[in-house]
Amino acid sequence: MKLNTKVKTGILITLYTYVIMSTAGALTSYAEGWKNNSGVWQWVKDDGTVATDTWKSANGYWFYLDSSGNIAKNKLISEETKDSIDYYYVDSNGALLRDSWKAIPIDQSEKKNYKAQYWMYYFGNDGKAYKSDKNFSDDDIKTIEGKKYAFDKNGRMLYGWIDSSDVKQQDYDSIAWVFSDYYFGEWNDGHMQEGWLQLPVYERKDGATREYWFYFDSNGKKVKSKTRIIDDYYYAFEDDGHMSRSWKPKAE
């Protein structure tokens, strides 16, 4: 996972050039386009008012104009659609972020509920944050830089134990491991786990924390309630997915 810390150089110069070209010869009229009359870039409409809460482009870059008509910077933008809410991010120059990870600090009021220090978002080629609904299928698991990730309905990368029938972050739910289908690693690199993994879990029946082995198939789902042959050995898995202590070599 790479955090996109690059500043797109030349964006402001590009925007300035675009504005000069689009407004040449129109200094005494309200020709619609970019203006910088107050030291801040705005899109002035043909009636002299500024465009607000909307997107405008310049030389292939998209910029979001806030409620004051100014270019928003370093900000998560949410847009309500008919069925849900889409999320975008504009960088330090105000340009729409694409094909990039972005770490966004967790609100102080929420920090006590999560282990993560910040939320990770991934914005696709169209600028939208990847996300899923309450229930997700294999199509909701995204491959990024060779690893697989999942995101909640708000676009935040998931980590730890995740239940595919109720997709949400489950920090501090001590028995989430019992009912969950997937394990997505730690908060700072939450990619989907495959193969063998030993994890500490809380056993409610005796109030103890134990180290159990789990096996996750190539689709990320843990094996449970069955016996499987793995690397020429028989392994038994309990209803909650942890490997029992009984295993034996495969018969010749």
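Just so you know, residue 1 is the first one in the sequence shown, and it goes up from there. It should be emphasised that the depicted structure is a prediction, and the values quoted were computed from it without experimental measurement.
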Requested in this report: Measure the spacing between OH of Y64 and CD1 of I71 and express it to the nearest 0.5 Å.
Outcome: 13.0 Å
Can you check whether [Y]'s main-chain N or O pairs, donor with acceptor, with [X]'s side chain at less than 3.5 Å?
{"X": "D140", "Y": "S132", "result": "no"}
{"X": "N74", "Y": "S92", "result": "yes"}
{"X": "Q193", "Y": "Y183", "result": "no"}
{"X": "W177", "Y": "G160", "result": "no"}
{"X": "D133", "Y": "N135", "result": "no"}
{"X": "T81", "Y": "S84", "result": "yes"}
{"X": "T54", "Y": "T52", "result": "no"}
{"X": "N154", "Y": "R156", "result": "no"}

Do other residues, nucleotides or ligands put more than 12 heavy atoms under 6.0 Å from [X] [atom1]?
{"X": "K153", "atom1": "NZ", "answer": "no"}
{"X": "D206", "atom1": "CG", "answer": "yes"}
{"X": "E211", "atom1": "CD", "answer": "yes"}

Requested in this report: Name the orientation class of the two ring planes belonging to Y122 and Y130 (parallel below 30°, tilted from 30 to 60°, perpendicular beyond 60°).
Outcome: tilted
Looking at [X] and [Y], does any basic side-chain N land under 4.0 Å from a carboxylate oxygen?
{"X": "D86", "Y": "K128", "result": "yes"}
{"X": "D240", "Y": "K222", "result": "no"}
{"X": "D66", "Y": "K75", "result": "no"}

Query raised in the report: Taking it one step at a time, do D171 and Q169 satisfy side-chain hydrogen bond (donor to acceptor under 3.5 Å, both in side chains)?
Result: CA-CA 6 Å; D171 284 6; Q169 195 57 57; 3.3 Å; yes
Donor-acceptor contacts, no H, no angles, side chain residues 212-220, under 3.5 Å, sequence neighbours left out:
{"residue": "Y212", "atom": "OH", "partner": "E203", "partner atom": "OE2", "Å": "2.7"}
{"residue": "D217", "atom": "OD1", "partner": "R228", "partner atom": "NH1", "Å": "3.4"}
{"residue": "D217", "atom": "OD1", "partner": "R228", "partner atom": "NH2", "Å": "3.0"}
{"residue": "D217", "atom": "OD2", "partner": "R228", "partner atom": "NH1", "Å": "3.4"}
{"residue": "N219", "atom": "OD1", "partner": "K221", "partner atom": "N", "Å": "3.0"}

**Report entry** Partner set under salt bridge (charged side-chain N to carboxylate O under 4.0 Å, His left out) for K111, not counting sequence neighbours
**Finding:** none
Report task. Check the pair D47, T49 against side-chain hydrogen bond (donor to acceptor under 3.5 Å, both in side chains), reporting the backbone distance first and the verdict last. Result -> CA-CA 6 Å; D47 62 1; T49 61; 2.6 Å; yes
Query raised in the report: Looking at Y159, Y114, Y118, which one forms a ring pair (Phe, Tyr, Trp, His ring centres under 6.0 Å) with W187?
Result: Y118
Report task. Let me know which of Y88, Y61, W43, W62 forms a ring pair (Phe, Tyr, Trp, His ring centres under 6.0 Å) with W55. Result -> Y88
Report task. Ignoring hydrogens and angles, state whether a donor on the side chain of D239 or S225 is under 3.5 Å from an acceptor on the partner side chain. Result -> yes
